[in-house]
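Some notes on the structure that comes next.
Remember, it's a predicted structure, so these values are computed and weren't measured experimentally. Within every chain, numbering begins at 1; the chains are lettered A, B, ... in the order of the sequence lines, protein sequences first and strands thereafter.
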There are 2 protein chains.
Amino acid sequence: MAQVIRIKQASPLKASCHKCSLSNLCLPLAIEENDLDRLEDIVQQGRIFNRGEHIFEQSTPFRSCFAVRSGAVKTSIITEGGEEQVTGFFMPGELVGLDSMSGESYASTAKALERTSVCEFPVEKLEELTGKLPDLQHHMYHLMSQEIQNSHQLAMLLSKNTAEERIAALLLSLSSRFQRRRMSPTNFSLPMARNDIANFLGLAVETVSRVFTRFQNQGIIRARGREVELLDVEALQLATRDSARQGG
Amino acid sequence: MAQVIRIKQASPLKASCHKCSLSNLCLPLAIEENDLDRLEDIVQQGRIFNRGEHIFEQSTPFRSCFAVRSGAVKTSIITEGGEEQVTGFFMPGELVGLDSMSGESYASTAKALERTSVCEFPVEKLEELTGKLPDLQHHMYHLMSQEIQNSHQLAMLLSKNTAEERIAALLLSLSSRFQRRRMSPTNFSLPMARNDIANFLGLAVETVSRVFTRFQNQGIIRARGREVELLDVEALQLATRDSARQGG
DNA sequence: CATCCAAATTGATTCATATCAAAACCGTAC
DNA sequence: GTACGGTTTTGATATGAATCAATTTGGATG
């Protein structure tokens with residue numbers, strides 16, 4: 001691969017968290033301006049994956065966590081029986097791989113849902129650095145704990161909610177994540193296939209499809225393929241709530 | 001920090017991780033003999049809770065994580081609608097509260113399932129200490145990551161498995177946790193009510209009850225109330241697996 | 001020992017969602 | 001433009017577990 005020139009500012013391998021537009025979501029969020037250099041020292045930036053490519057694979061040696069820079073990532077675990085369970089979707093600014101910090105190998109597989117660029121944080125260096133920067137350490141605890149909570153939320157959704165409620169919840173979650181990135185919270189394109197949604201939410205694809213059309217008929221959303229428009233956010237919120245079930 | 005001499009025994013308030021029989025499961029697992037003192041310095045030991053008492057409550061200020069010393073703890077989250085989702089059961093040697101390390105308040109409620117004694121680790125001090133002891137920090141990452149994985153496993157169970165499979169999985173999980181404590185893996189008493197099992201596994205109590213009797217009729221277990229005996233562990237393992245579903 | 005209340009079991013019925021089957025749609029390649 | 005494979009949608013049917021209802025058990029209390 002003969003290198004193109006890529007002049008830019010000198011070292012193309014060195015990250016520039018300083019200038020990253022996601023620095024208010026990602027790890028830099030936690031640290032002082034002057035400590036940013038140290039983070040930049042350990043991060044390997046700019047790896048690109050095409051749709052469908054693996055960022056890491058379950059059971060291979062665990063080396064790094066990855067921050068999504070652009071694109072989207074799905075993580076899943078595979079049972080011995082070969083069944084897949086999608087465990088999460090990750091959008092720009094979010095950190096993938098936290099579930100693997102307990103062992104020698106990745107506990108899940110991460111796959112690019114579309115052309116995706118990530119920043120890589122080798123764990124050893126990351127741990128070393130968090131030992132030195134209390135704020136960064138705190139942030140790691142924060143992120144991991146958040147991840148536990150997300151997962152609990154998911155469990156809750158799976159065990160207590162109807163198909164409609166689950167899908168409403170997912171749409172709203174995506175919506176707020178788009179919003180955080182200053183993109184439209186009501187008009188976006190789903191990074192994942194119906195199949196992934198179904199798997200993630202513990203439903204059959206057919207059910208997902210049906211709920212989408214039902215929502216559409218009720219005028220709550222407008223959906224064409226992966227393009228989604230939330231027409232009535234309130235209704236969606238109502239749809240997630242137990243309030244619906246409370247009959248209040 | 002003027003150090004007292006602390007002649008060994010003496011101070012009853014001071015923890016003695018050194019002598020704790022669970023030190024090979026709990027936080028001491030991670031650290032050198034000589035650093036144990038520092039852990040003992042921050043831990044408040046020996047708090048006792050009676051069955052049904054709260055160790056901490058959701059939405060109250062987050063102060064500490066707790067290691068179970070004896071007894072058993074259940075954690076759950078409550079929705080705005082008042083619905084409960086049991087998120088975990090914790091046995092001696094396990095650390096409760098990791099899901100709350102992200103905010104100012106507890107993300108869940110922890111309740112003693114029976115008379116339970118815990119060791120309390122104030123977060124501030126814990127974070128300070130993990131900043132100094134890389135092995136301890138690593139262990140925290142390990143535990144939190146484990147917690148994420150557990151939660152993913154649960155999600156998998158909830159979305160992909162039948163009632164029988166879920167219950168088989170729970171029984172085996174408990175079994176191995178008893179075994180780790182050098183107790184009988186086939187003959188133990190469930191710390192939680194059927195109701196909690198049902199809630200945790202996303203089932204109705206009636207279903208749990210039915211599955212228990214079904215297993216009993218098949219000669220896989222013997223159950224009288226909370227007393228359980230695993231008669232055919234292999235069959236249970238088969239019951240959890242997808243292999244059952246694969247028709248291999 | 002009798003009483004009481006919560007927990008657990010058992011049975012009958014209902015329902016949401018899976019499953020099976022087929023058609024429509026869409027992007028891509030030729 | 002046409003043909004292809006995979007994704008999505010739509011319809012008909014089957015089913016596992018929830019719900020409703022009633023009974024039994026068991027542990028606590030006086």
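Under a cutoff of 6.0 Å and an axis angle of 45°, B:Arg194 and B:Phe212 form a cation-pi pair.
Side-chain atoms of B:Thr186 never come within 3.5 Å of backbone atoms of B:Leu230 as a donor-acceptor pair (strictly under, hydrogens ignored).
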Pair A:Phe56, A:Arg63 - check side chain to side chain contact (heavy atoms under 4.5 Å, CB included), show working.
CA-CA 9 Å; A:Phe56 53 78; A:Arg63 303 208 189 295; over 6 Å; no
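Side-chain rings of B:Phe89 and B:Phe200 approach one another, their centers coming within less than 6.0 Å.
Near DNA chain D, meaning a heavy atom under 4.0 Å away, the residues from residues 216-228 of chain B are B:Arg224. If you check residues 190-205 of chain A against DNA chain C, the residues with a heavy atom closer than 4.0 Å are A:Gly202, A:Leu203, A:Ala204, listed by number.
Using a 4.5 Å heavy-atom threshold, the side chains of A:Glu229 and A:Phe188 count as separate. In this structure the side chain of B:Arg47 never reaches within 4.5 angstrom of the side chain of B:Ser117, judged on heavy atoms.
For B:Arg166 and B:Asn161, the side-chain atoms include no donor-acceptor pair closer than 3.5 Å. Between the side chains of A:Ser108 and A:Gln58, no donor N or O sits under 3.5 Å from an acceptor N or O.
Rounded to a whole Å, the CG atom of A:Asn161 is 15 Å from the C1' atom of D:dA18. Rounded to whole Å, the distance from CZ on A:Arg214 to C1' on D:dT9 is 13 Å. Computed from coordinates, the B:Glu206 CD to D:dT19 P distance equals 8 Å when rounded to whole Å. With rounding to whole Å, B:Arg210 atom CZ is found 13 Å from D:dT23 atom C1'. Taking atom CG of A:Leu158 as the reference point, atom C1' of D:dA17 lies 16 Å away to the nearest angstrom.
Residues A:Lys160 and B:Glu83 are not paired through a salt bridge, judged by the lack of any N-O separation under 4.0 Å between the basic side chain and the carboxylate.
Residue-environment remark: CZ (B:Arg226) exceeds the threshold of 12 foreign heavy atoms within 6.0 Å.
Here the options are A:Glu94, A:Glu53, A:Glu84, A:Glu114, the test is salt bridge (charged side-chain N to carboxylate O under 4.0 Å, His left out), and the partner is A:Lys74; only A:Glu84 passes.
Nucleotides of DNA chain C lying under 4.0 Å from heavy atoms of chain B occupy a range whose first and last members, 5' to 3', are C:dA8 to C:dA12.
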